[in-house]
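These numbers come from a predicted model, not from an experiment. Note on naming: letters A, B, ... go to the chains in the order of the sequence lines (proteins, then strands), and numbering restarts at 1 for each one.
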2 protein chains.
Amino acid sequence: MATKAGVSTATASRALNGKSTVDPILAARVLSAAAELGYQPNGPARNLRRQETAVLALIISDVENPFFTSIARGVEDVAQAVGYSVVLCNADENPDKERRYIDVAIQERVAGVVLSPTGTATNVDALTTRGTPLVAVDRHLPDASADMVLVDTKQAAKEATAHLISQGYDQVGCITGPIGIPTADDRLAGYKDATRAAKRRYSAKFVRRTAYRADGARDATIDLLTQDERPDALLVANSTMAIGVLEALSELDLRLGEDVGVVAFDDAPWAPLVNPPLSVVSQPAYDIGKVAAELLMARIADSTRTFTTTTLRANLITRGSSTRKR
Amino acid sequence: MATKAGVSTATASRALNGKSTVDPILAARVLSAAAELGYQPNGPARNLRRQETAVLALIISDVENPFFTSIARGVEDVAQAVGYSVVLCNADENPDKERRYIDVAIQERVAGVVLSPTGTATNVDALTTRGTPLVAVDRHLPDASADMVLVDTKQAAKEATAHLISQGYDQVGCITGPIGIPTADDRLAGYKDATRAAKRRYSAKFVRRTAYRADGARDATIDLLTQDERPDALLVANSTMAIGVLEALSELDLRLGEDVGVVAFDDAPWAPLVNPPLSVVSQPAYDIGKVAAELLMARIADSTRTFTTTTLRANLITRGSSTRKR
DNA sequence: CTGAAAGCGCTAACAT
DNA sequence: ATGTTAGCGCTTTCAG
């Protein structure tokens with residue numbers, strides 16, 4: 001291609017990269033030759049030479065969860081704006097896959113990674129020892145040598161629970177994720193706080209922990225609601241689980257809102273459509289992604305920044321599922 | 001690292017890649033040295049040298065649509081099984097972004113790409129001229145020098161429409177995607193076929209075309225149902241649109257199933273939860289991804305294969321939203 | 001402003 | 001079986 005334009009590879013490279021130190025005439029010749037040949041730079045070669053890439057890895061714990069895909073959009077929008085590409089990797093709530101994708105990210109020498117950790121088993125040492133810029137989202141990292149973007153999910157759980165109690169439900173229960181996943185633990189803690197603050201009885205009988213999946217939540221709900229002493233309201237830790245909870249209610253012939261009040265985390269697009277509409281704790285997913293990407297870009301530019309933790313607020317949206325008609 | 005193990009880089013390389021021609025003792029020494037130093041191979045260098053990568057690009061037109069994320073899982077599962085990584089790129093129904101990601105895929109010299117084209121503007125010449133293995137999913141490519149995995153969506157639309165008619169709805173309408181997107185066109189065509197086959201009147205008055213988004217579908221539905229002559233049933237082209245349609249129905253105080261029968265494409269997880277449950281055309285999304293990845297792997301192994309088109313069947317699932325109670 | 005040449009980290013001939 | 005060496009395609013000194 002350089003030969004076609006009659007210049008050296010060095011000049012061609014400079015022209016292609018828009019360096020100002022090139023004769024405009026030569027530059028034009030290079031550009032047209034490149035276009036004509038459908039030239040596409042060899043990324044691996046460039047990255048090898050430059051020792052850096054303009055791609056970000058975004059490793060999320062579940063592609064099928066709208067909460068995480070909204071984060072993805074936030075990350076993408078800011079990355080695109082500054083000329084970075086982002087590749088999504090789906091860890092699928094599976095520490096092994098997560099591990100593998102972290103390795104891939106390192107091996108491909110990505111410029112930085114945004115990670116929503118699958119849980120306690122997450123090990124980011126490989127990233128930190130190499131100094132790969134990292135931002136954790138949604139779930140905090142235990143050892144914490146990274147920027148983090150979180151949501152005040154414990155507080156939100158507390159408010160949601162208090163709301164249910166104030167609506168006249170006598171015994172609120174809680175369906176949350178596995179032990180060790182910070183969001184699952186925090187939401188339970190908030191639930192517990194609110195229960196005690198309202199002088200209601202807290203008992204493990206009213207909580208169920210299961211994988212962040214619809215089927216698990218369905219079984220847990222059936223189990224919870226078929227015991228002798230059963231709750232008449234439920235705090236549900238995410239929208240995937242909410243699907244299972246609603247299925248269970250329908251199977252048990254229990255009326256949503258009336259027989260069992262429900263508030264679920266995450267304002268899924270379908271939440272207003274069920275009958276009655278589902279009350280939710282809306283998390284600022286897009287903003288989480290946006291802030292995370294900004295933090296990452298800042299750290300790529302300056303690796304000596306101190307680590308920050310940004311905590312965003314969630315927002316309780318009350319709809320029909322958490323009110324009893326009188 | 002090679003020096004630490006006291007061997008040449010060549011031997012180290014061989015050991016790391018599990019070549020059999022290495023003294024087991026040396027190999028062990030290399031491996032332990034690598035582990036100790038936290039050695040991670042340099043991907044760009046390896047890829048440059050090998051002139052190939054073990055990563056697949058999956059460019060989908062909308063990460064927030066469960067249909068596409070299911071495809072993603074299908075692709076991932078088979079890729080992982082044979083040691084490939086897959087990076088997801090979100091074209092966001094935007095031809096420019098799609099274009100950019102195709103360029104990225106080429107520049108990074110990925111082993112192959114699975115693409116769900118955003119529409120007619122899609123140009124895969126860059127891929128085909130370079131001989132990058134490509135499989136198109138969901139929407140066929142006009143010029144067709146690629147394997148394709150499609151769904152017989154026209155036939156499915158026809159069956160769904162016929163079902164609505166057989167349930168006693170007098171005038172079925174159709175909400176579909178933009179002109180030029182094959183799935184949108186095909187679903188309309190199937191609707192038209194069924195309407196005519198049943199000797200019902202077909203009129204453009206009963207169809208609305210809009211972006212594959214909830215808000216567009218909502219507006220279109222309100223528009224459609226507030227005109228003088230209004231349909232009493234709707235075929236909806238995907239689940240994102242279905243959300244908008246259900247919103248509109250609720251705003252207009254029209255009862256789902258009773259006042260307006262609805263069948264929508266894609267069996268979203270929430271479809272059974274609305275009241276009455278939503279009848280859907282279930283597409284085998286996971287299998288689409290699975291077959292696409294298999295095809296891609298086959299083509300990577302043998303680039304001389306002839307191009308094939310696989311058409312999978314969709315499945316009508318009737319629930320309450322398409323039946324009138326008597 | 002341009003060209004020649006070195007070298008990024010790795011793997012595959014080739015030689016031993 | 002192991003080491004030596006060349007070279008993948010690019011960018012970037014360093015000379016001119």
Side-chain angles (χ1 to χ4, degrees), chain A residues 1-35 37-55 83 85 103-111 126 129-132, chain B residues 1-35 37-55 83 85 103-111 126 129-132:
Chain A
M1 193 269 302
T3 51
K4 164 139 190 171
V7 298
S8 72
T9 60
T11 304
S13 170
R14 285 188 273 252
L16 259 4
N17 290 294
K19 293 270 193 288
S20 54
T21 66
V22 183
D23 185 323
I25 299 171
L26 285 191
R29 225 158 68 203
V30 171
L31 262 10
S32 77
L37 298 177
Y39 170 82
Q40 290 275 21
N42 183 313
R46 156 182 285 171
N47 298 337
L48 174 58
R49 178 61 231 237
R50 286 209 185 143
Q51 301 287 59
E52 69 180 27
T53 62
V55 356
S85 306
D103 285 345
V104 171
I106 293 173
Q107 289 170 21
E108 296 305 322
R109 302 295 194 263
V110 298
T129 63
R130 292 196 64 90
T132 304
Chain B
M1 191 266 305
T3 49
K4 165 140 190 168
V7 299
S8 72
T9 61
T11 305
S13 170
R14 285 188 275 253
L16 260 4
N17 289 294
K19 293 270 194 288
S20 55
T21 65
V22 183
D23 185 321
I25 298 170
L26 286 189
R29 226 159 65 206
V30 171
L31 263 10
S32 78
L37 299 177
Y39 170 82
Q40 289 276 21
N42 183 312
R46 158 184 283 169
N47 297 338
L48 174 59
R49 176 63 232 230
R50 287 208 183 145
Q51 301 288 52
E52 69 180 28
T53 62
V55 356
S85 306
D103 285 346
V104 171
I106 294 173
Q107 289 171 24
E108 297 304 322
R109 303 295 194 263
V110 299
T129 63
R130 294 196 64 90
T132 303

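Between C:dG9 and B:Tyr39, no contact under 4.0 Å exists linking OP1 or OP2 to a side-chain N or O. Between D:dG9 and A:Arg46, no contact under 4.0 Å exists linking OP1 or OP2 to a side-chain N or O. When the side-chain nitrogen and oxygen atoms of A:Asn17 are compared with OP1 and OP2 of D:dT11, one or more of them lie within a distance under 4.0 Å. A close approach under 4.0 Å does occur between a side-chain nitrogen or oxygen of A:Gln51 and OP1 or OP2 of C:dG9. For A:Ser8 and C:dG3, the shortest distance from a side-chain N or O to OP1 or OP2 is below 4.0 Å. A close approach under 4.0 Å does not occur between any side-chain nitrogen or oxygen of B:Ser13 and OP1 or OP2 of C:dC10. Within the structure, every side-chain polar atom (N or O) of A:Thr11 is placed at least 4.0 Å from both OP1 and OP2 of C:dT2.
Taking 4.5 Å as the limit, every side-chain heavy atom of A:Thr132 sits out of range of all side-chain heavy atoms of B:Gln40. Inter-residue side-chain proximity for A:Val7 and A:Arg14 is flagged as unmet; no heavy-atom pair is nearer than 4.5 Å.
With rounding to whole Å, A:Asn47 atom CG is found 10 Å from D:dT11 atom P. The nearest whole Å value for the distance from the CZ atom in A:Arg109 to the P atom in C:dC8 is 14 Å. D:dT2 atom P lies 4 Å from atom CG of B:Asp23, rounded to whole Å. Taking atom CD of B:Glu52 as the reference point, atom C1' of C:dA12 lies 13 Å away to the nearest angstrom. Rounded to whole Å, atom P of C:dC8 lies 13 Å from atom CG of B:Leu48. One can place CG of B:Leu16 at 8 Å from P of C:dT11, the figure rounded to the nearest angstrom. In this structure, A:Gln40 places its CD atom 11 Å from P of D:dC10, rounding to the nearest Å. The interatomic distance linking B:Asn42 (CG) with D:dC8 (P) rounds to 18 Å, in whole Å.
Of the possible polar contacts, none joining the A:Arg50 side chain to the A:Asn47 backbone as a donor-acceptor pair under 3.5 Å is found. A donor-acceptor contact shorter than 3.5 Å links the side chain of B:Arg109 to the backbone of B:Ile106. Under the 3.5 Å distance criterion, the side-chain polar atoms of A:Asp23 are matched with a main-chain donor or acceptor of A:Ile25.
For the pair B:Ala12 and B:Arg50, nearest-nucleotide mapping onto DNA chain D gives the more 5' position to B:Ala12. Both B:Pro44 and B:Arg14 lie near DNA chain C, and the one whose nearest nucleotide falls closer to the 5' end is B:Pro44.
The two residues B:Ala2 and B:Ala12 come nearest to each other via the heavy atoms CB-CB, 4.0 Å.
To the nearest 0.5 angstrom, B:Asn42 atom CG is 14.5 Å from B:Arg49 atom CZ. Separating the OG1 atom in A:Thr9 from the CG atom in A:Leu16 is a distance of 11.0 Å, to the nearest 0.5 Å.
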Structure string for DNA chain D in dot-bracket form, Watson-Crick and G-U at under 3.5 Å, | interchain: ||||||||||||||||

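Closest to the side chain of B:Arg49, out of D:dG7, C:dC1, C:dA5, is D:dG7.
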